[in-house]
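Report on the structure given below.
Only a predicted model underlies this, so the values are computations on that prediction, with no experimental measurement involved.
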Amino acid sequence: MISYFSRFPFVRILLGWMIGILLSGGFYWPLFALPCLFSPSRLLRSIGISALLIVFAMAWTSYLKPVIRPLPTDGFVFRVEGAVESKPKTWSVLARCLGTRSGGSWVVQPALFRLYLSKQLGRPQEGNHYVVKQSIKPFVAPLFPFEKDWRDYYAAKGIGGTAYISADRIRLVEKGEESIPFFDTARAFFVKILERVFEPGRDRDVAEAMLLGVKTKIDFETLSTYSALGAIHILSVSGLHVGLLYLGLSLVFGFLLKLRPAGPWAFFGLMLALLWCYAGISGFSLPVLRSAWMFSVILFAKTFLRRQESLNTLAFSAFVLLFIHPASLFDPGFQLSYLAVWGLIAFQQRWVKLICFRGWMRWPLTKIWELTCVALAAQVFTWPLIVYYFHQLPHPLSFLLLNPFLILFSSIALFLGFLTLSVGAFLPEWAFLPLAFLLSGSFQVLHGIMFAWVERVTSVIPFLHLARLELILYFASIAIVVWAPRQWKGLAFLWVILVLVPTDPVRPSAFLSQYKGEAIWIKTRGSSSIASLPVSLEPAWIQSHLSPLWANTGVKDTLIRRWPSSRNVQWRHQGMKFAYVREPTEARGQEHLILGKEIKYRDSDWLESWSGATWYFLKKPSPYWMGVLKPYLPEKYYFLEERPALRL
């Protein structure tokens with residue numbers, strides 16, 4: 001029976017609040033259940049409380065939903081908010097617009113933009129006021145079907161548009177506070193300690209990311225390796241890092257709990273201050289904020305409550321975050337963080353007890369089994385979302401055999417890293433060198449195992465797909481297996497079978513798009529796909545834009561070909577002839593003409609022979625050249641840089 005007067009009250013409150021967030025913006029039908037609040041039945045009163053909670057969540061979410069205002073087209077004034085992130089060629093800043101220029105006058109118009117400022121400006125400070133003579137563009141629409149829509153992602157955060165601002169388009173009108181923030185100073189101090197430990201290279205870059213949240217230096221190969229092995233969470237400061245810091249600090253300061261009456265208060269205050277200082281040093285990113293808040297709640301429960309339920313504590317921390325920012329419910333990071341911890345609470349200890357080792361190898365085998373259970377329990381609720389969002393999973397062989405060792409060695413590296421950062425500045429050189437040797441060696445062992453494994457074993461299963469209905473079926477089946485009466489458990493296994501039944505792939509098709517003025521041609525047929533791409537196209541772009549398409553169309557095998565750098569190319573598709581033209585040439589029966597960015601339009605007579613074809617401009621000509629081309633333009637023509645990929 002559902003009741004708010006028994007164990008786990010915040011689990012039920014959180015469930016009702018999430019339902020309200022999902023229903024926000026619709027009809028307030030839960031109002032019909034509010035009379036149940038006055039019923040003498042405990043069950044009906046619980047239903048009434050749920051209805052009241054859902055209605056309040058719907059109203060609160062609608063109230064907090066950001067409004068995206070019209071974007072500036074002439075100029076605007078903005079103030080830098082929050083931390084400034086360093087990119088390879090720009091400064092990434094969150095800009096709060098204070099006013100826009102419209103029709104020669106200034107209008108007060110609050111808004112948020114994500115701007116990328118030229119590094120010729122010098123590092124902006126939080127609080128700086130700038131005036132910009134430039135327009136703001138909306139976020140780019142997805143190029144290909146099934147791709148993540150960044151417009152919706154940023155709209156949920158209230159960020160309406162973006163722009164690159166060159167140095168000649170911006171002027172500083174008021175400086176922010178001159179004092180360097182404490183956390184930036186502390187981060188720079190700890191970075192210097194790591195520079196004493198590591199030589200420049202991969203190990204130092206990963207150490208800065210793991211320990212301090214400095215992720216801008218990591219190369220794509222390293223990111224791909226961590227992602228392929230299901231260990232990408234190690235690189236981002238999140239629950240693993242804050243949890244290990246929490247355990248280490250608990251061991252160091254745990255004696256304070258016995259010094260009553262002031263000891264528990266000292267323990268709580270000291271632990272809380274150190275946890276949130278670390279959150280600030282690592283950049284106050286969303287994952288570390290979630291983790292710091294979660295462990296703050298756990299810290300309070302451990303210090304002052306005689307009896308606590310871990311699941312109830314977890315639900316309380318999630319409820320507070322969703323109350324402050326309801327849109328976090330749709331953030332994959334939020335979902336994965338809490339579901340991973342929920343899996344650990346629900347399954348890890350149960351599975352550890354399934355196997356009991358004996359003999360002289362008891363201790364190492366028990367520890368390996370415990371680490372394996374940690375890896376498996378964290379994946380019970382997270383693997384469907386990983387497939388749903390990222391369309392890939394670590395290979396089972398890699399996951400089962402390698403993940404326990406990755407957890408072990410990454411934990412050792414984190415422990416040694418925290419120890420080095422804590423005491424490294426106070427140690428003499430003769431004491432610092434052995435600690436630095438151990439820390440550097442731990443990263444060398446970790447990366448040696450990872451890259452040796454990736455080179456020899458298939459480490460990832462790509463192009464996987466789960467529909468939203470299949471996600472619901474999976475989580476419902478897990479709920480039945482764990483919590484439902486025994487007679488319902490058989491139904492859960494039937495639902496699991498339904499989840500595993502493959503869906504029909506999308507019909508064969510082809511897509512035409514562009515990247516920086518170069519053609520992109522994708523052709524899929526059955527489980528195979530051929531992609532003709534520019535030489536300059538980066539692997540990260542392929543993973544972001546094409547992998548979702550391949551996963552959702554049933555593709556298993558891909559062949560990537562690169563366009564020749566200069567000559568024209570022709571091919572056929574469904575009986576039609578296509579021509580990718582980089583040099584002027586006469587038409588020979590082609591129905592589709594793709595005009596490369598190298599084409600010069602001074603002598604355009606050759607285009608007359610193409611008047612019966614459909615034209616695709618990879619780079620839009622200027623208004624002047626469009627006037628020159630007007631006599632030759634066919635009935636159908638497209639500017640590919642201004643639209644999503646064309647399906648042909």
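Side-chain contact between Trp383 and Val387: present, with at least one pair of heavy atoms (C-beta onward) separated by less than 4.5 Å. In this structure, Lys157 and Pro66 have side chains that are not in contact, with every pair of non-hydrogen atoms separated by 4.5 Å or more. Counting heavy atoms from C-beta on, the side chains of Asp203 and Gln444 come closer than 4.5 Å. Side chains of Leu15 and Val11 form no contact here, defined as non-hydrogen atoms less than 4.5 Å apart. Taking 4.5 Å as the limit, some side-chain heavy atom of Phe432 sits within range of a side-chain heavy atom of Thr420. For the pair Phe295 and Leu245, the minimum side-chain heavy-atom distance is 4.5 Å or more. Side chains of Ile412 and Leu446 form no contact here, defined as non-hydrogen atoms less than 4.5 Å apart.
In this structure, Leu329 and Gln335 approach most closely via the heavy-atom pair O-NE2, 2.7 Å. Nearest heavy atoms, Ala431 versus Pro434: O-CD, 3.3 Å. Smallest separation of non-hydrogen atoms from Arg114 and Val93: NH1-C, 3.3 Å. The nearest pair of heavy atoms linking Gly417 to Leu439 is N-CD1, 3.5 Å. Nearest heavy atom pair, residue Pro264 against residue Leu257, reads CG-O, 4.0 Å. In this structure, Ile13 and Leu53 approach most closely via the heavy-atom pair O-CD2, 3.1 Å.
Between the Ser440 side chain and the Phe437 main chain, no donor and acceptor come within less than 3.5 Å of each other. Between the Glu81 side chain and the Gly127 main chain, no donor and acceptor come within less than 3.5 Å of each other. A donor-acceptor distance shorter than 3.5 angstrom exists from the side chain of Ser24 to the backbone of Ile21, with no hydrogens or angles considered.
Here Leu414 contributes atom CG and Met210 contributes atom CE; the two are 4.0 Å apart, rounded to the nearest 0.5 Å. Taking CD1 of Ile49 as the reference point, atom CG of Leu52 lies at 8.0 Å (rounded to 0.5 Å). To the nearest 0.5 Å, atom CH2 of residue Trp17 and atom OG of residue Ser50 are 13.5 Å apart. Between the CD atom in Gln349 and the CG atom in Leu344 there is a gap of 10.0 Å [rounded to 0.5 Å]. Separation of atoms CZ (Arg187) and CD (Glu208) is listed at 11.0 Å; rounding is to 0.5 Å. The distance from atom CZ of Phe330 to atom CG of Asp152, rounded to the nearest 0.5 Å, is 11.0 Å.
By the neighbour-count criterion of 12 heavy atoms within 6.0 Å, atom NZ of Lys148 is densely surrounded, having more than that number from other residues, nucleotides or ligands. Around the CZ atom of Phe415, the shell of radius 6.0 Å holds no more than 12 heavy atoms that belong to other residues, nucleotides or ligands.
The ring pair (Phe, Tyr, Trp, His ring centres under 6.0 Å) search around Trp265 returns Phe304, not counting sequence neighbours. Shown here are the ring pair (Phe, Tyr, Trp, His ring centres under 6.0 Å) partners of Phe418, two or more places apart in sequence or in another chain: Tyr278. Applying the ring pair (Phe, Tyr, Trp, His ring centres under 6.0 Å) rule to Phe198 yields the partners Phe443; only residues at least two apart in sequence or on another chain are considered.
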With a cut-off of 3.5 Å and sequence neighbours excluded, list every side-chain donor-acceptor pair involving residues 25-37.
none

Side-chain donor-acceptor distances from residues 267-275 under 3.5 Å, at least two apart:
none

Contacts under 3.5 angstrom, residues 316-328 side chains, donor-acceptor by atom type, not counting sequence neighbours:
| from | atom 1 | to | atom 2 | distance (Å) |
| --- | --- | --- | --- | --- |
| Ser317 | OG | Leu314 | O | 2.8 |
| Ser317 | OG | Tyr338 | OH | 3.2 |
| His325 | ND1 | Ser328 | OG | 3.0 |
| Ser328 | OG | His325 | O | 3.2 |

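With Leu421 as the partner, the side chain to side chain contact (heavy atoms under 4.5 Å, CB included) test is satisfied by one option alone out of Val191, Ile193, Val197: Ile193.
Using cut-offs of 30° and 60° for the angle between ring planes, the Tyr154 and Trp150 rings count as tilted.
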